[in-house]
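One structure below.
Below, each value reflects all heavy atoms present in this structure, side chains not excepted, and no hydrogens, waters or symmetry copies.
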Amino acid sequence: MAHFASEAELHTFLDRLDPDYSQFASTLWQHGVKTPRQLANATKPLLLSWGLPELYIDDIKATADRPGSSEDFKQVMALLEPINKVCLEKLSQTRCASKINRDDLRDVRKAFRTILQVRDAESNAFVKEEEFCNGNYEVEKAADYLRTINAWAQVRRGLKFSDARGHVLREADTPLKFPISGSNDVVLVLCHELELGAFMGIEMKRGLTAKGLRQAEVEYYLWAGCSMFPFVQIITDMQVGGAAFYKTGSSPAGNNIMKQFLHGMDSVRDFIRNVVASPSIIWNAGNNIPDEVLGRMVQMA
């Protein structure tokens with residue numbers, strides 16, 4: 001007798017009976033249906049009380065435990081098992097931006113055809129190699145930091161800072177050796193679209209570390225890949241400075257990505273303020289967007 005190991009397997013079984021029946025998988029699973037025989041033996045009043053339409057119940061009961069249905073299901077699951085293993089293995093290989101190491105970052109850069117450029121490299125002196133991270137620190141300071149950033153940016157109509165914590169992006173395209181994932185603390189968006197309308201992300205840390213810079217760079221690739229606008233990623237500790245990642249152009253050799261160090265909070269403030277006031281500072285750096293088009297983009301609400 002076939003036994004459903006998960007709601008997904010029950011969904012597959014019902015879909016094999018009739019595609020219209022798979023919509024009831026969640027309801028049946030929640031009520032303890034684990035085998036085709038249990039489904040076939042369930043009374044019509046019981047299934048009605050669970051919310052199944054009367055139109056479908058007789059056919060579901062008649063076909064659920066018919067000869068061969070269980071064997072068909074077993075054969076389907078046997079065919080799906082290798083695919084399932086590959087998918088699970090791929091998911092287990094996902095590299096989270098906050099935990100990316102140097103070797104993995106080199107592979108990510110290769111996949112995105114990155115030609116890394118560095119500006120104000122002497123400011124790198126204020127970046128620590130690694131540091132203990134208190135995950136609650138950023139959460140506790142988030143509201144205060146966001147008020148500060150809003151005051152700096154003087155956000156105009158059509159733009160909005162959105163809380164992006166918990167909004168995880170994932171990329172697993174073929175050039176990557178492994179999937180990557182990441183989020184952001186806040187994202188400045190156009191058109192009220194968190195992903196498509198994103199054009200500035202800000203990652204806020206307790207301290208600036210090499211690990212944090214790797215995280216911000218991976219977040220740049222993730223958000224730039226889903227936004228319909230050129231994107232800039234910033235990381236800052238709101239104390240001694242930060243860094244920004246953005247595209248400056250491209251060529252047959254690859255994509256020129258700038259890693260610009262921002263030494264001191266005045267530099268961070270001025271960078272954010274200037275980009276918000278004049279997006280062409282970043283957007284026209286190798287993107288060839290006419291000024292009149294930039295104006296229309298910013299006015300979109």
Side-chain angles (χ1 to χ4, degrees), residues 85-139 142 164-187 195 198 200-227 231-248 253-263 268:
K85 285 183 178 180
V86 171
C87 292
L88 289 174
E89 182 180 358
K90 192 71 173 176
L91 284 171
S92 69
Q93 295 172 353
T94 299
R95 308 297 201 272
C96 179
S98 62
K99 298 179 181 178
I100 203 87
N101 61 41
R102 295 180 185 83
D103 291 337
D104 288 343
L105 181 56
R106 278 193 286 268
D107 288 334
V108 171
R109 287 173 177 169
K110 184 177 180 180
F112 285 95
R113 303 178 63 246
T114 297
I115 302 172
L116 192 67
Q117 303 169 320
V118 180
R119 179 178 294 174
D120 298 331
E122 65 274 10
S123 299
N124 195 20
F126 66 87
V127 178
K128 299 177 181 179
E129 180 55 28
E130 301 295 350
E131 185 177 83
F132 171 75
C133 177
N134 175 6
N136 292 325
Y137 180 84
E138 290 84 359
V139 176
R165 291 172 298 169
H167 188 88
V168 179
L169 299 183
R170 188 170 179 274
E171 179 62 63
D173 278 351
T174 303
L176 286 165
K177 290 184 177 179
F178 41 78
I180 54 175
S181 66
S183 56
N184 236 315
D185 284 324
V186 294
V187 176
E195 293 184 15
M200 179 191 291
I202 303 177
E203 185 68 48
M204 296 174 286
K205 294 293 185 184
R206 181 169 189 166
L208 290 175
T209 66
K211 181 180 179 182
L213 289 173
R214 293 195 297 270
Q215 175 182 350
E217 184 176 344
V218 173
E219 288 173 351
Y220 165 78
Y221 297 125
L222 287 165
W223 286 88
C226 70
S227 178
F231 184 79
V232 55
Q233 176 67 48
I234 296 171
I235 180 171
T236 177
D237 64 353
M238 299 297 287
Q239 297 177 61
V240 301
F245 295 86
Y246 53 92
K247 184 178 178 179
T248 61
N255 299 304
N256 299 321
I257 305 300
M258 178 63 70
K259 178 182 182 181
Q260 179 177 345
F261 286 97
L262 306 169
H263 193 56
V268 175

Inset, instruction - Look at the side chain of R109 and the backbone N and O of T114, then say whether any donor-acceptor pair between them is shorter than 3.5 Å. - result: no
Inset, instruction - Please confirm whether the backbone N or O of L208 pairs with a side-chain atom of Q239, one donor and one acceptor, at under 3.5 Å? - result: no
Legend entry - Heavy-atom donor-acceptor pair, N184 side chain to E219 backbone, under 3.5 Å: no
Inset, instruction - Could you tell me whether a side-chain N or O of S227 sits under 3.5 Å from a main-chain N or O of A198, the two making a donor and an acceptor? - result: yes
Inset, instruction - Give a yes or no on whether the backbone of I180 and the side-chain of T94 come within a donor-acceptor separation of less than 3.5 Å. - result: no
Legend entry - Y220: partners by ring-ring contact (aromatic ring centres under 6.0 Å, His included), with sequence neighbours left out: none
Inset, instruction - Give a yes or no answer on whether the side chain of W223 reaches the backbone of V218 with a donor-acceptor pair at less than 3.5 Å. - result: no
Inset, instruction - Side-chain contact test, heavy atoms from C-beta onward, threshold under 4.5 Å: evaluate it for E171 versus F112 and give yes or no. - result: yes
Inset, instruction - Please tell me if the side chains of V268 and L262 come closer than 4.5 Å, counting only heavy atoms from C-beta onward. - result: yes
Legend entry - side-chain contact (heavy atoms from CB on, under 4.5 Å) between L116 and E217, intermediate numbers included: CA-CA 10 Å; L116 192 67; E217 184 176 344; 4.3 Å; yes
Inset, instruction - Evaluate the side-chain contact (heavy atoms from CB on, under 4.5 Å) criterion for residues Y221 and N255: first the C-alpha distance (whole Å), next the side-chain angles of each, then the deciding distance (0.1 Å), finally the verdict. - result: CA-CA 11 Å; Y221 297 125; N255 299 304; over 6 Å; no
Inset, instruction - Flag the pair Q215 / I235 as yes when at least one side-chain heavy-atom distance between them is below 4.5 Å, and no otherwise. - result: no
